[in-house]
Amino acid sequence: MVDQEHLQTRFQVIVVTTHKGVPQEFYGAKVIGSWSFPCPWYSNVPLSLALSPRIIWEVAKFKPDIVHASSPGIMVFGALIIAKLLCVPLVMSYHTHVPIYIPKYTFSWLVKPMWLVIKFLHRAADLTLVTSTVLAKELKAARVAAACKIRLWHKGVDSESFHPHYKCHEMRIHLTDGEPQKPLIIHVGRLGVEKNLGFFKMLMDRLPEVRLAFIGDGPYRKELEEMFIGMPVVFTGMLHGEELSRAYASGDVFVTPSESETLGFVVLEAMSSGVPIIAARAGGIPDIVPPEQEGKIGFLFTPGDINDCLSKVKLLLNSPELRLNVGQTGRAEVEKHDWRAATKKVRNEQYNAAIWFWQKKRFQLLRQRLWWLRYPRRAPQVRHTS
């Protein structure tokens, strides 16, 4: 995500991304599209090295003070090479915990090689940003990078774009398939097998009066549609802008059973929309709803425990007053973590830390070279052989 206000007024940004559907600029930031190809195991994810002479020239001409890459991915290799070529600090933000996804899409034996790739990339970076304390602990335990170079990117959400005033009766009619008076559970996000979305089948089997809307798309959609044939479930596909904001705000309860969220932006967006959330107590979600706040700003359930989840869904659906209170309290909580504040911290603190680590590394390399030059060496002796 990018802070639109700061893009326009505070600092200059150039964005390199995959080529599909790329605008020429985004809120004043120049956007450069790189030729990409679909991931063999996940066709909705485009891959690109972003290392063509055109891209190198554009970035060099821009004269960046820092390179920030989203990890992991093939494009990170391109970012690493460009940062080294231009002699500028490199920050990597770790957003997708690929080792968890690998067994669900391909071969389990690839997990160890993937960890080696992650370690190679992040040890070459000057700073690694993660979105949750749980993930930070895991990366430190795996020695992905020096502990001092793994920092937390604090949560943030656009509380203006996701707001309760977007609640819309027409959208609710659409999401409930023409039955807006029925209780409505919403789920927003990528429809992938790693999201544990089959959990909703067990939930809906026990809640026949409830309507469910999947907002988003992904490779698991076809299987889900077959799974929910004959059930009151709506698949909207991808929504954007105000349409997405209306979908969030028009639900009664937001539920996600995913156990692999590095942060869970969809949870923050639902809370910002004034909708009470029920999420699996896993990944980065407990950073959003800490134990002392459970039941106040949202509800968490034991991963995979259908009874635990069901009891909290029923509690909220049976009490409009509780839904309102939790929704309002959750909204008030995320307003404390505005995206602008999170971006400001990255720019003013984390980027400066990356520059300091980069300068320190350059100084150490320079000192080693000077020591080698000053080290007294014996002159080679000429040996005569008879």
Side-chain angles (χ1 to χ4, degrees), residues 41-45 100-101 103-105 167-240 243-261 264-267 269-270 273 275-280 282-283 285 299-318 323:
W41 300 286
Y42 201 151
S43 59
N44 286 8
V45 175
I100 290 179
Y101 290 16
K104 298 180 184 296
Y105 285 97
K167 188 173 184 178
C168 173
H169 185 68
E170 288 74 19
M171 175 60 75
R172 187 177 176 91
I173 291 174
H174 172 52
L175 297 179
T176 58
D177 198 21
E179 297 183 288
Q181 74 283 1
K182 298 286 187 178
L184 174 61
I185 294 174
I186 61 169
H187 175 273
V188 183
R190 185 176 66 251
L191 304 184
V193 66
E194 75 281 359
K195 299 295 184 179
N196 197 28
L197 300 178
F199 185 87
F200 280 108
K201 180 65 167 60
M202 295 186 291
L203 192 64
M204 293 299 289
D205 283 339
R206 304 188 189 192
L207 296 169
E209 74 285 358
V210 172
R211 301 297 176 261
L212 170 64
F214 285 107
I215 300 157
D217 211 339
Y220 197 47
R221 177 171 176 172
K222 184 177 179 181
E223 288 85 344
L224 285 173
E225 288 176 334
E226 293 174 354
M227 184 186 301
F228 288 101
I229 287 177
M231 300 184 74
V233 178
V234 169
F235 292 84
T236 68
M238 291 294 293
L239 299 181
H240 303 279
E243 196 174 23
L244 176 59
S245 301
R246 289 194 294 269
Y248 266 115
S250 300
D252 291 318
V253 177
F254 173 92
V255 177
T256 177
S258 175
E259 301 172 22
S260 61
E261 300 301 314
F265 277 115
V266 291
V267 173
E269 290 166 354
S273 301
V275 177
I277 67 101
I278 301 173
I285 304 300
F299 290 88
L300 302 186
F301 64 91
T302 304
D305 190 334
I306 184 63
N307 291 321
D308 190 12
C309 179
L310 184 65
S311 65
K312 287 161 182 173
V313 170
K314 287 183 175 179
L315 180 65
L316 283 170
L317 291 182
N318 291 334
R323 286 203 308 274

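Everything quoted here is computed from the prediction, not taken from an experiment.
Rounded to the nearest 0.5 angstrom, Asp217 CG and Leu239 CG are separated by 10.0 Å. In this structure, Lys167 NZ and Ser273 OG are separated by 12.0 Å, a value rounded to the nearest 0.5 Å. Separation of atoms CG (Leu191) and CE (Met238) is listed at 9.5 Å; rounding is to 0.5 Å. With rounding to the nearest 0.5 Å, the separation of CE in Met204 from CD in Glu209 is 8.5 Å. Distance CG/Leu316 to CD1/Ile278: 4.5 Å, rounded to 0.5 Å. Taken to the nearest 0.5 Å, the CD atom of Glu170 stands 9.0 Å off from the CZ atom of Arg246.
Aromatic ring centres of Phe228 and Phe200 lie farther apart than the 6.0 Å criterion allows. Residues Phe301 and Phe199 bring their aromatic ring centres within 6.0 Å.
When all heavy atoms of Gly264 and Ile285 are compared, the closest pair comes out as CA-CD1, 4.1 Å. Contact between Asp308 and Lys312 at its shortest, heavy atoms only, is OD1-NZ, 3.1 Å. Among all heavy-atom pairs drawn from Ala247 and Ile215, the shortest one is CB-CD1, 3.7 Å. For the residue pair Leu317 and Arg323, the shortest heavy atom distance occurs at O-NH1, 3.1 Å. Nearest heavy-atom pair across Ala280 and Ser258 is CB-O, 3.5 Å. Here the shortest heavy-atom pairing between Ala270 and Ile277 reads CB-CG2, 3.7 Å.
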Would you check, one step at a time, whether the test side-chain contact (heavy atoms from CB on, under 4.5 Å) holds for Ile306 with Arg206?
-> CA-CA 10 Å; Ile306 184 63; Arg206 304 188 189 192; 3.7 Å; yes

Check the pair Asp252, Lys182 against salt bridge (charged side-chain N to carboxylate O under 4.0 Å, His left out), reporting the backbone distance first and the verdict last.
-> CA-CA 10 Å; Asp252 291 318; Lys182 298 286 187 178; over 6 Å; no

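Taking 4.5 Å as the limit, some side-chain heavy atom of Leu203 sits within range of a side-chain heavy atom of Ile185. Counting only heavy atoms from C-beta outward, the side chains of Lys314 and Leu207 approach each other to under 4.5 Å. The shortest distance between side-chain heavy atoms of Glu243 and Met171 falls below 4.5 Å. Residues Lys195 and Tyr220 form no side-chain contact, since every pair of their non-hydrogen atoms from C-beta on lies 4.5 Å or further apart. Looking at heavy atoms from C-beta onward, Pro232 lies out of side-chain contact with Asp177 at the 4.5 angstrom threshold. Counting only heavy atoms from C-beta outward, the side chains of Arg211 and Leu175 never approach each other to under 4.5 Å. Side-chain atoms of Tyr248 and Val275, non-hydrogen and from C-beta on, never get closer than 4.5 Å to each other. Met227 has its side chain out of reach of Leu197: every pair of non-hydrogen atoms, C-beta onward, lies at least 4.5 Å apart.
Ring planes of Phe214 and His187: perpendicular class, angle over 60° (limits at 30 and 60°).
Heavy atoms of other residues, nucleotides or ligands lying less than 6.0 angstrom from CG of Asp305 number more than 12.
Without hydrogens or angle criteria, Thr256 side chain to Ala279 main chain gives no donor-acceptor distance under 3.5 Å. With Arg172 contributing its side chain and Pro180 its backbone, the two residues share a donor-acceptor pair below 3.5 Å.
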